[in-house]
Trainee: 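Could you have a look at this structure, given as C-alpha coordinates, before my questions?
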Amino acid sequence: MTNEKWGQLRQRLLKTVGQNNYTTWIEPLEFSRLDGGIAVFHVPTNFMGNYVSQNFADLILYELNQAGHPVQRVTFKVAANSPTRPDMRTSSPSKPTGTSPKANANVVEALQAAPLDTRFTFESFVVGKPNELAHAAARRVSEGGPVTFNPLVLYGGVGLGKTHLMHAIAWELRARKPELNVLYLSAEQFMYRFVQALRERKMMDFKMLFRSVDVLMVDDVQFIAGKDSTQEEFFHTFNALVDQNKQIIISADRAPGEIKDLEDRVKSRLQCGLVVDLHPTDYELRLGILQTKVQMHRKTYPGLEIADGVLEFLAQRISTNVRVLEGALTRLFAFASLVGREIDMDLTQDCLADVLRASERKITVEEIQRKVSDYYNIRLSDIIGPKRLRTFARPRQVAMYLCKQLTSRSLPEIGRRFGGRDHTTIMYGVRRIEELKTTDGQIAEDVEMLRRTLEA
Ligand code: ADP
Ligand code: MG
(Lines give C-alpha, C1' and ligand atoms only; values in the text may rest on other atoms or scores of the structure.)
(Ligands and ions follow the chains in the order given, each with its own letter.)
Protein backbone atom coordinates (compact mmCIF):
# COMPACT_ATOMS: atom_id res chain seq x y z
CA MET A 1 0.00 0.00 0.00
CA THR A 2 1.22 3.49 -0.73
CA ASN A 3 0.88 6.62 1.26
CA GLU A 4 -1.44 7.92 -1.42
CA LYS A 5 -3.74 4.92 -1.03
CA TRP A 6 -3.81 5.56 2.66
CA GLY A 7 -4.84 9.11 1.89
CA GLN A 8 -7.89 7.85 -0.01
CA LEU A 9 -8.67 5.32 2.63
CA ARG A 10 -8.65 8.00 5.28
CA GLN A 11 -11.45 9.77 3.51
CA ARG A 12 -13.62 6.73 4.05
CA LEU A 13 -12.69 6.74 7.72
CA LEU A 14 -13.63 10.39 7.94
CA LYS A 15 -17.18 9.49 6.93
CA THR A 16 -17.41 6.85 9.61
CA VAL A 17 -15.79 8.54 12.57
CA GLY A 18 -16.83 12.14 11.99
CA GLN A 19 -14.76 15.27 11.60
CA ASN A 20 -13.73 15.70 15.23
CA ASN A 21 -12.45 12.18 15.75
CA TYR A 22 -10.86 12.30 12.37
CA THR A 23 -8.89 15.47 13.05
CA THR A 24 -7.81 14.34 16.49
CA TRP A 25 -7.02 10.70 15.92
CA ILE A 26 -6.90 9.65 12.27
CA GLU A 27 -5.27 12.55 10.47
CA PRO A 28 -2.06 12.45 12.55
CA LEU A 29 -1.48 8.77 11.68
CA GLU A 30 1.32 8.21 9.25
CA PHE A 31 1.34 5.04 7.25
CA SER A 32 4.74 3.37 7.60
CA ARG A 33 4.71 -0.11 6.07
CA LEU A 34 2.97 -3.40 5.49
CA ASP A 35 4.91 -6.09 7.20
CA GLY A 36 3.80 -9.71 6.89
CA GLY A 37 0.11 -8.99 7.32
CA ILE A 38 0.72 -6.23 9.84
CA ALA A 39 0.07 -2.61 8.92
CA VAL A 40 2.38 -0.30 10.82
CA PHE A 41 1.47 3.33 11.44
CA HIS A 42 3.52 6.01 13.03
CA VAL A 43 1.91 8.05 15.76
CA PRO A 44 3.20 11.19 17.51
CA THR A 45 2.80 9.76 21.02
CA ASN A 46 2.30 6.51 22.88
CA PHE A 47 -0.81 7.90 24.37
CA MET A 48 -2.29 8.48 20.99
CA GLY A 49 -1.21 5.06 19.74
CA ASN A 50 -2.98 3.46 22.65
CA TYR A 51 -6.11 5.42 22.13
CA VAL A 52 -6.31 4.78 18.41
CA SER A 53 -5.51 1.14 18.89
CA GLN A 54 -8.29 0.84 21.41
CA ASN A 55 -10.90 2.76 19.51
CA PHE A 56 -10.22 2.70 15.82
CA ALA A 57 -7.98 -0.29 15.10
CA ASP A 58 -10.86 -2.55 14.06
CA LEU A 59 -12.23 0.07 11.78
CA ILE A 60 -8.89 0.72 10.13
CA LEU A 61 -8.36 -3.01 9.73
CA TYR A 62 -11.74 -3.36 8.11
CA GLU A 63 -11.12 -0.53 5.67
CA LEU A 64 -7.71 -1.87 4.74
CA ASN A 65 -9.19 -5.24 3.92
CA GLN A 66 -12.07 -3.68 2.06
CA ALA A 67 -9.54 -1.85 -0.07
CA GLY A 68 -7.92 -5.16 -0.95
CA HIS A 69 -5.01 -5.28 1.48
CA PRO A 70 -4.94 -8.59 3.29
CA VAL A 71 -4.01 -7.27 6.69
CA GLN A 72 -4.48 -9.20 9.93
CA ARG A 73 -3.37 -6.62 12.39
CA VAL A 74 -2.59 -2.91 12.71
CA THR A 75 -0.04 -1.48 15.10
CA PHE A 76 0.88 2.03 16.07
CA LYS A 77 4.40 3.03 16.89
CA VAL A 78 5.99 6.25 17.92
CA ALA A 79 8.17 7.25 14.98
CA ALA A 80 11.86 6.65 15.53
CA ASN A 81 12.76 10.28 15.09
CA SER A 82 10.48 11.34 17.92
CA PRO A 83 12.20 11.56 21.26
CA THR A 84 11.64 8.22 22.94
CA ARG A 85 11.08 8.07 26.61
CA PRO A 86 12.83 5.67 28.92
CA ASP A 87 10.31 2.95 29.46
CA MET A 88 9.31 3.68 33.01
CA ARG A 89 6.41 1.35 32.71
CA THR A 90 8.59 -1.71 32.89
CA SER A 91 11.17 -0.36 35.27
CA SER A 92 8.94 1.46 37.67
CA PRO A 93 9.73 0.54 41.26
CA SER A 94 6.06 0.58 42.12
CA LYS A 95 5.31 -2.16 39.64
CA PRO A 96 3.80 -5.06 41.47
CA THR A 97 6.17 -8.02 41.48
CA GLY A 98 5.46 -11.05 39.39
CA THR A 99 4.08 -9.16 36.41
CA SER A 100 5.91 -9.55 33.16
CA PRO A 101 6.66 -6.49 31.07
CA LYS A 102 4.46 -7.95 28.40
CA ALA A 103 1.41 -8.15 30.61
CA ASN A 104 2.17 -4.63 31.62
CA ALA A 105 2.21 -3.42 28.05
CA ASN A 106 -1.19 -4.99 27.50
CA VAL A 107 -2.53 -3.00 30.35
CA VAL A 108 -1.32 0.19 28.81
CA GLU A 109 -3.00 -0.88 25.58
CA ALA A 110 -6.20 -0.49 27.50
CA LEU A 111 -5.44 3.12 28.27
CA GLN A 112 -8.53 5.07 27.41
CA ALA A 113 -8.71 8.74 27.82
CA ALA A 114 -11.46 11.18 27.19
CA PRO A 115 -10.89 12.81 23.80
CA LEU A 116 -9.68 16.36 23.94
CA ASP A 117 -11.67 19.19 22.45
CA THR A 118 -9.69 20.75 19.62
CA ARG A 119 -11.11 24.16 20.45
CA PHE A 120 -9.78 24.17 23.99
CA THR A 121 -6.24 25.46 23.53
CA PHE A 122 -4.17 28.18 25.15
CA GLU A 123 -4.45 30.19 21.94
CA SER A 124 -8.21 30.38 22.27
CA PHE A 125 -8.20 31.08 25.99
CA VAL A 126 -8.73 34.73 26.81
CA VAL A 127 -6.83 35.90 29.86
CA GLY A 128 -8.20 38.55 32.20
CA LYS A 129 -7.91 39.48 35.83
CA PRO A 130 -10.32 36.79 37.06
CA ASN A 131 -8.36 33.92 35.52
CA GLU A 132 -4.81 35.17 35.15
CA LEU A 133 -3.41 33.16 38.03
CA ALA A 134 -5.07 29.93 36.94
CA HIS A 135 -3.84 30.56 33.43
CA ALA A 136 -0.28 31.21 34.56
CA ALA A 137 -0.23 28.04 36.66
CA ALA A 138 -1.67 26.02 33.77
CA ARG A 139 0.98 27.40 31.44
CA ARG A 140 3.67 26.46 33.88
CA VAL A 141 2.66 22.81 34.21
CA SER A 142 2.15 22.58 30.46
CA GLU A 143 5.86 23.20 29.98
CA GLY A 144 6.44 19.73 31.37
CA GLY A 145 9.51 20.83 33.32
CA PRO A 146 10.39 19.57 36.78
CA VAL A 147 7.32 19.14 38.94
CA THR A 148 7.22 22.13 41.26
CA PHE A 149 3.70 22.03 42.64
CA ASN A 150 1.75 18.87 42.94
CA PRO A 151 -1.12 18.68 42.48
CA LEU A 152 -2.27 21.74 40.62
CA VAL A 153 -5.88 22.30 41.63
CA LEU A 154 -8.04 24.59 39.51
CA TYR A 155 -11.37 25.42 41.00
CA GLY A 156 -14.25 27.74 40.24
CA GLY A 157 -17.90 27.90 39.24
CA VAL A 158 -19.52 26.36 36.20
CA GLY A 159 -18.43 27.56 32.79
CA LEU A 160 -15.41 29.55 33.88
CA GLY A 161 -12.86 27.62 31.85
CA LYS A 162 -11.55 24.80 34.04
CA THR A 163 -12.02 22.11 31.42
CA HIS A 164 -10.74 24.44 28.73
CA LEU A 165 -7.51 25.02 30.66
CA MET A 166 -7.03 21.33 31.35
CA HIS A 167 -7.40 20.41 27.70
CA ALA A 168 -5.05 23.23 26.81
CA ILE A 169 -2.44 21.77 29.16
CA ALA A 170 -2.88 18.34 27.59
CA TRP A 171 -2.53 19.68 24.04
CA GLU A 172 0.54 21.66 24.95
CA LEU A 173 2.19 18.73 26.71
CA ARG A 174 1.53 16.50 23.75
CA ALA A 175 3.19 18.96 21.45
CA ARG A 176 6.14 19.65 23.69
CA LYS A 177 6.67 16.27 25.32
CA PRO A 178 5.15 13.65 23.06
CA GLU A 179 6.97 10.95 24.99
CA LEU A 180 4.88 11.58 28.09
CA ASN A 181 1.76 9.60 28.82
CA VAL A 182 -0.81 12.24 29.53
CA LEU A 183 -4.14 10.97 30.77
CA TYR A 184 -7.12 13.30 30.98
CA LEU A 185 -10.45 12.08 32.28
CA SER A 186 -13.35 13.21 34.38
CA ALA A 187 -13.76 11.98 37.94
CA GLU A 188 -16.90 10.29 36.75
CA GLN A 189 -14.96 8.30 34.17
CA PHE A 190 -12.42 7.45 36.83
CA MET A 191 -15.17 6.00 38.94
CA TYR A 192 -16.75 4.20 36.06
CA ARG A 193 -13.49 2.50 35.18
CA PHE A 194 -12.82 1.65 38.75
CA VAL A 195 -16.20 0.00 39.14
CA GLN A 196 -15.75 -1.85 35.89
CA ALA A 197 -12.36 -3.13 37.02
CA LEU A 198 -13.90 -4.35 40.25
CA ARG A 199 -16.67 -6.11 38.41
CA GLU A 200 -14.37 -7.72 35.91
CA ARG A 201 -11.79 -8.56 38.56
CA LYS A 202 -9.17 -6.47 36.85
CA MET A 203 -8.11 -4.32 39.73
CA MET A 204 -4.45 -5.07 39.22
CA ASP A 205 -4.71 -3.88 35.63
CA PHE A 206 -6.55 -0.80 36.74
CA LYS A 207 -3.89 0.07 39.28
CA MET A 208 -1.05 -0.46 36.87
CA LEU A 209 -2.76 1.53 34.21
CA PHE A 210 -3.15 4.57 36.39
CA ARG A 211 0.28 4.26 37.89
CA SER A 212 1.88 4.21 34.47
CA VAL A 213 0.84 7.69 33.42
CA ASP A 214 3.21 10.62 33.61
CA VAL A 215 0.60 13.31 33.90
CA LEU A 216 -2.82 12.58 35.33
CA MET A 217 -5.64 15.06 34.95
CA VAL A 218 -8.93 14.49 36.70
CA ASP A 219 -11.72 16.93 35.92
CA ASP A 220 -14.60 17.75 38.29
CA VAL A 221 -13.22 15.85 41.24
CA GLN A 222 -16.16 16.91 43.43
CA PHE A 223 -18.00 14.10 41.69
CA ILE A 224 -16.33 11.44 43.82
CA ALA A 225 -17.40 13.07 47.09
CA GLY A 226 -19.45 10.61 49.11
CA LYS A 227 -18.40 7.70 46.90
CA ASP A 228 -16.18 6.01 49.39
CA SER A 229 -14.45 3.22 47.58
CA THR A 230 -13.77 5.43 44.57
CA GLN A 231 -12.27 8.04 46.85
CA GLU A 232 -10.12 5.43 48.46
CA GLU A 233 -8.80 4.24 45.12
CA PHE A 234 -8.31 7.80 43.96
CA PHE A 235 -6.32 8.51 47.09
CA HIS A 236 -3.99 5.57 46.46
CA THR A 237 -3.55 6.41 42.80
CA PHE A 238 -2.83 9.96 43.76
CA ASN A 239 -0.21 9.00 46.33
CA ALA A 240 1.50 6.52 44.06
CA LEU A 241 1.89 9.15 41.35
CA VAL A 242 3.04 11.87 43.73
CA ASP A 243 5.64 9.47 45.10
CA GLN A 244 6.94 8.97 41.58
CA ASN A 245 7.01 12.71 41.13
CA LYS A 246 4.38 12.63 38.38
CA GLN A 247 2.31 15.72 37.77
CA ILE A 248 -1.32 15.65 38.80
CA ILE A 249 -3.85 18.25 37.77
CA ILE A 250 -7.27 18.40 39.32
CA SER A 251 -10.32 20.56 38.83
CA ALA A 252 -13.27 21.07 41.11
CA ASP A 253 -16.27 23.34 41.29
CA ARG A 254 -15.21 24.70 44.70
CA ALA A 255 -12.18 24.82 46.97
CA PRO A 256 -11.11 21.34 48.10
CA GLY A 257 -11.77 22.23 51.73
CA GLU A 258 -15.35 23.04 50.87
CA ILE A 259 -16.29 19.87 49.06
CA LYS A 260 -18.80 18.14 51.26
CA ASP A 261 -18.34 14.42 51.84
CA LEU A 262 -14.81 14.47 50.55
CA GLU A 263 -12.58 12.58 52.95
CA ASP A 264 -10.25 14.73 55.00
CA ARG A 265 -7.17 12.90 53.83
CA VAL A 266 -8.14 13.51 50.21
CA LYS A 267 -8.82 17.15 51.00
CA SER A 268 -5.50 17.64 52.66
CA ARG A 269 -3.70 15.87 49.83
CA LEU A 270 -5.32 18.21 47.33
CA GLN A 271 -4.40 21.22 49.41
CA CYS A 272 -0.73 20.22 49.45
CA GLY A 273 -0.14 21.56 45.99
CA LEU A 274 -1.03 24.80 44.33
CA VAL A 275 -4.70 25.66 44.63
CA VAL A 276 -5.87 28.46 42.36
CA ASP A 277 -9.34 29.65 41.63
CA LEU A 278 -11.03 31.00 38.57
CA HIS A 279 -13.05 33.99 39.67
CA PRO A 280 -16.36 34.89 38.08
CA THR A 281 -15.75 36.80 34.88
CA ASP A 282 -15.78 40.57 34.88
CA TYR A 283 -17.00 42.87 32.15
CA GLU A 284 -13.60 43.25 30.46
CA LEU A 285 -12.99 39.53 30.29
CA ARG A 286 -16.46 38.86 28.92
CA LEU A 287 -15.97 41.48 26.25
CA GLY A 288 -12.57 40.00 25.39
CA ILE A 289 -14.04 36.54 25.07
CA LEU A 290 -16.88 37.80 22.88
CA GLN A 291 -14.45 39.57 20.58
CA THR A 292 -12.37 36.43 20.23
CA LYS A 293 -15.39 34.27 19.54
CA VAL A 294 -16.66 36.70 16.94
CA GLN A 295 -13.43 36.19 15.01
CA MET A 296 -14.13 32.48 15.03
CA HIS A 297 -17.75 32.83 13.96
CA ARG A 298 -16.70 35.12 11.12
CA LYS A 299 -15.00 32.13 9.53
CA THR A 300 -18.28 30.24 9.44
CA TYR A 301 -20.40 33.22 8.50
CA PRO A 302 -18.29 35.49 6.35
CA GLY A 303 -19.93 38.78 5.61
CA LEU A 304 -22.06 38.96 8.73
CA GLU A 305 -21.81 42.34 10.39
CA ILE A 306 -22.19 43.21 14.03
CA ALA A 307 -23.44 46.66 14.91
CA ASP A 308 -21.50 48.77 17.40
CA GLY A 309 -22.50 48.27 20.97
CA VAL A 310 -23.92 44.77 20.66
CA LEU A 311 -20.95 43.01 22.18
CA GLU A 312 -20.70 45.58 24.96
CA PHE A 313 -24.38 45.07 25.66
CA LEU A 314 -23.98 41.30 25.90
CA ALA A 315 -20.89 41.57 28.10
CA GLN A 316 -22.85 43.86 30.38
CA ARG A 317 -26.00 41.85 30.51
CA ILE A 318 -25.08 38.20 30.41
CA SER A 319 -24.08 36.38 33.56
CA THR A 320 -20.64 35.33 34.64
CA ASN A 321 -20.87 31.94 32.95
CA VAL A 322 -18.87 31.89 29.73
CA ARG A 323 -20.80 28.96 28.34
CA VAL A 324 -24.00 31.00 28.37
CA LEU A 325 -22.20 33.89 26.73
CA GLU A 326 -20.88 31.64 23.98
CA GLY A 327 -24.25 30.06 23.43
CA ALA A 328 -25.83 33.47 23.04
CA LEU A 329 -23.32 34.49 20.42
CA THR A 330 -23.65 31.26 18.49
CA ARG A 331 -27.38 31.65 18.41
CA LEU A 332 -27.09 35.24 17.31
CA PHE A 333 -24.90 34.34 14.34
CA ALA A 334 -27.06 31.43 13.29
CA PHE A 335 -30.21 33.52 13.53
CA ALA A 336 -28.75 36.49 11.68
CA SER A 337 -27.51 34.32 8.85
CA LEU A 338 -30.89 32.61 8.55
CA VAL A 339 -32.84 35.81 8.30
CA GLY A 340 -30.06 37.56 6.40
CA ARG A 341 -29.84 40.54 8.68
CA GLU A 342 -27.12 42.48 10.38
CA ILE A 343 -26.62 41.71 14.07
CA ASP A 344 -27.94 44.88 15.67
CA MET A 345 -29.63 45.65 18.94
CA ASP A 346 -33.10 44.82 17.64
CA LEU A 347 -32.10 41.44 16.40
CA THR A 348 -30.21 40.77 19.62
CA GLN A 349 -33.23 41.60 21.75
CA ASP A 350 -35.48 39.40 19.61
CA CYS A 351 -33.20 36.47 19.36
CA LEU A 352 -31.95 36.41 22.93
CA ALA A 353 -35.06 37.49 24.80
CA ASP A 354 -35.08 34.38 27.00
CA VAL A 355 -31.36 34.50 27.81
CA LEU A 356 -31.57 38.17 28.66
CA ARG A 357 -34.60 37.64 30.84
CA ALA A 358 -32.91 34.80 32.70
CA SER A 359 -29.85 36.86 33.43
CA GLU A 360 -32.01 39.70 34.61
CA ARG A 361 -32.77 37.79 37.77
CA LYS A 362 -32.50 40.38 40.51
CA ILE A 363 -30.90 39.58 43.81
CA THR A 364 -33.05 40.89 46.64
CA VAL A 365 -32.10 42.35 49.99
CA GLU A 366 -34.11 39.61 51.71
CA GLU A 367 -32.24 36.93 49.83
CA ILE A 368 -28.93 38.41 50.89
CA GLN A 369 -30.00 38.61 54.51
CA ARG A 370 -31.13 35.00 54.44
CA LYS A 371 -27.95 33.70 52.81
CA VAL A 372 -25.73 35.67 55.16
CA SER A 373 -27.52 34.44 58.26
CA ASP A 374 -27.29 30.86 56.98
CA TYR A 375 -23.64 31.31 56.23
CA TYR A 376 -22.76 32.63 59.69
CA ASN A 377 -25.21 30.32 61.35
CA ILE A 378 -27.16 33.07 63.10
CA ARG A 379 -30.84 33.91 63.05
CA LEU A 380 -32.30 36.14 60.37
CA SER A 381 -33.78 38.31 63.12
CA ASP A 382 -30.28 38.93 64.46
CA ILE A 383 -29.14 40.24 61.08
CA ILE A 384 -31.97 42.73 61.02
CA GLY A 385 -32.35 43.36 64.74
CA PRO A 386 -30.54 45.81 67.01
CA LYS A 387 -28.02 43.58 68.86
CA ARG A 388 -24.56 45.12 68.85
CA LEU A 389 -22.56 41.99 69.63
CA ARG A 390 -19.68 41.47 67.25
CA THR A 391 -21.03 38.01 66.29
CA PHE A 392 -24.10 39.75 64.86
CA ALA A 393 -22.71 43.13 63.91
CA ARG A 394 -20.04 41.82 61.53
CA PRO A 395 -22.36 39.53 59.52
CA ARG A 396 -24.84 42.39 59.44
CA GLN A 397 -22.22 44.66 57.89
CA VAL A 398 -21.34 41.96 55.38
CA ALA A 399 -24.99 41.78 54.42
CA MET A 400 -25.17 45.58 54.06
CA TYR A 401 -22.10 45.55 51.89
CA LEU A 402 -23.53 42.85 49.64
CA CYS A 403 -26.82 44.71 49.34
CA LYS A 404 -24.96 47.78 48.16
CA GLN A 405 -22.89 45.74 45.69
CA LEU A 406 -25.48 43.37 44.30
CA THR A 407 -28.75 45.27 44.30
CA SER A 408 -29.70 48.63 42.90
CA ARG A 409 -31.28 49.74 46.19
CA SER A 410 -30.26 53.09 47.60
CA LEU A 411 -28.71 53.40 51.07
CA PRO A 412 -31.95 54.66 52.67
CA GLU A 413 -33.87 51.79 51.07
CA ILE A 414 -31.37 49.28 52.40
CA GLY A 415 -31.53 50.98 55.81
CA ARG A 416 -35.28 50.51 55.91
CA ARG A 417 -34.91 46.78 55.30
CA PHE A 418 -32.37 46.53 58.08
CA GLY A 419 -34.86 47.34 60.80
CA GLY A 420 -35.19 51.01 59.87
CA ARG A 421 -31.54 51.98 60.24
CA ASP A 422 -30.27 55.33 59.07
CA HIS A 423 -28.51 55.50 55.70
CA THR A 424 -25.30 56.66 57.41
CA THR A 425 -25.23 53.42 59.41
CA ILE A 426 -25.44 51.46 56.17
CA MET A 427 -22.70 53.59 54.63
CA TYR A 428 -20.50 53.01 57.66
CA GLY A 429 -21.09 49.24 57.41
CA VAL A 430 -20.26 49.17 53.72
CA ARG A 431 -17.04 51.16 54.28
CA ARG A 432 -16.03 48.96 57.17
CA ILE A 433 -16.26 45.80 55.06
CA GLU A 434 -14.43 47.47 52.19
CA GLU A 435 -11.56 48.15 54.59
CA LEU A 436 -11.64 44.75 56.23
CA LYS A 437 -11.61 43.01 52.88
CA THR A 438 -8.09 44.29 52.30
CA THR A 439 -6.75 43.47 55.77
CA ASP A 440 -8.71 40.43 56.88
CA GLY A 441 -8.41 37.39 54.62
CA GLN A 442 -11.29 35.63 56.29
CA ILE A 443 -13.71 38.47 55.64
CA ALA A 444 -12.55 38.72 52.05
CA GLU A 445 -13.19 35.03 51.62
CA ASP A 446 -16.60 35.17 53.28
CA VAL A 447 -17.71 38.00 51.05
CA GLU A 448 -16.46 36.25 47.96
CA MET A 449 -18.17 32.97 48.85
CA LEU A 450 -21.43 34.71 49.58
CA ARG A 451 -21.30 36.74 46.42
CA ARG A 452 -20.75 33.60 44.46
CA THR A 453 -23.62 31.68 45.94
CA LEU A 454 -25.90 34.67 45.51
CA GLU A 455 -24.97 35.13 41.90
CA ALA A 456 -25.13 31.43 41.06
P1 ADP B 1 -15.86 24.68 33.28
O2 ADP B 1 -15.11 23.41 33.01
O3 ADP B 1 -15.14 25.58 34.24
O4 ADP B 1 -17.28 24.47 33.65
P5 ADP B 1 -15.37 25.14 30.48
O6 ADP B 1 -13.90 25.03 30.46
O7 ADP B 1 -16.13 23.99 29.95
O8 ADP B 1 -15.88 25.51 31.94
O9 ADP B 1 -15.78 26.47 29.70
C10 ADP B 1 -17.09 26.70 29.20
C11 ADP B 1 -17.00 27.32 27.83
O12 ADP B 1 -16.51 28.63 27.96
C13 ADP B 1 -16.03 26.60 26.91
O14 ADP B 1 -16.57 26.59 25.62
C15 ADP B 1 -14.78 27.43 26.97
O16 ADP B 1 -14.06 27.38 25.77
C17 ADP B 1 -15.32 28.81 27.22
N18 ADP B 1 -14.40 29.64 28.01
C19 ADP B 1 -14.34 29.73 29.36
N20 ADP B 1 -13.41 30.60 29.75
C21 ADP B 1 -12.85 31.08 28.62
C22 ADP B 1 -11.79 32.03 28.35
N23 ADP B 1 -11.15 32.65 29.33
N24 ADP B 1 -11.48 32.27 27.06
C25 ADP B 1 -12.14 31.66 26.07
N26 ADP B 1 -13.13 30.76 26.24
C27 ADP B 1 -13.48 30.47 27.50
MG1 MG C 1 -15.72 21.44 33.15
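Remember, it's 1-based here, ligands and their atoms both numbered in the order they're listed. Small disclaimer: the values here were computed from a predicted structure and weren't measured. If you read the sequence from its start, that first residue is 1, and numbering goes on from there.
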Trainee: Could you verify whether a donor N or O on one side chain and an acceptor N or O on the other, from Gln397 and Arg394, lie under 3.5 Å apart?
Mentor: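 Short answer, yes.
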Trainee: Can you tell whether the side chains of Glu326 and Arg323 come within less than 4.0 Å, N to carboxylate O?
Mentor: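 Salt bridge flag = no for Arg323 with Glu326.
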Trainee: Please identify which of these residues, Asp264, Asn150, Asn239, meets the side chain to side chain donor-acceptor pair (under 3.5 Å) condition with Arg269.
Mentor: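 Looking at Asp264, Asn150, Asn239, the match for Arg269 under the side chain to side chain donor-acceptor pair (under 3.5 Å) is Asn239.
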Trainee: Inside 2.8 Å of the Mg ion (ligand 2) but strictly below it, how many protein N/O/S atoms are present?
Mentor: 1
Trainee: Judged by atom type as modelled, is there a donor-acceptor pair below 3.5 Å linking the side chain of Glu172 to the main-chain atoms of Ser142?
Mentor: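 A pair under 3.5 Å: no.
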Trainee: For Glu263, what residues pass the side chain to side chain donor-acceptor pair (under 3.5 Å) criterion, not counting sequence neighbours?
Mentor: Arg265
Trainee: Do any N or O atoms from the side chain of Asp220 and from the backbone of Phe223 form a donor-acceptor pair under 3.5 angstrom?
Mentor: no
Trainee: Within the distance-only criterion (no hydrogens, no angle test), does the side chain of Thr292 pair as donor or acceptor with the backbone N or O of Gly288 below 3.5 angstrom?
Mentor: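 The answer is yes, because a donor-acceptor pair under 3.5 Å joins these two groups.
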Trainee: When you look for protein heavy atoms under 4.0 Å from ligand 1, which residues do they belong to?
Mentor: Phe120, Ser124, Phe125, Val126, Asn131, Gly157, Val158, Gly159, Leu160, Gly161, Lys162, Thr163, His164, Ile289, Lys293, Val322, Arg323, Glu326
Trainee: When the aromatic ring centroids of Phe190 and Phe206 are compared, is their separation below 6.0 Å?
Mentor: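 Yes, ring centres under 6.0 Å apart.
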Trainee: Hey, could you give me each pair passing side-chain hydrogen bond (donor to acceptor under 3.5 Å, both in side chains) that has a residue in residues 335-352? Not counting sequence neighbours.
Mentor: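 Every pair satisfying side-chain hydrogen bond (donor to acceptor under 3.5 Å, both in side chains) with a residue in residues 335-352: there are none.
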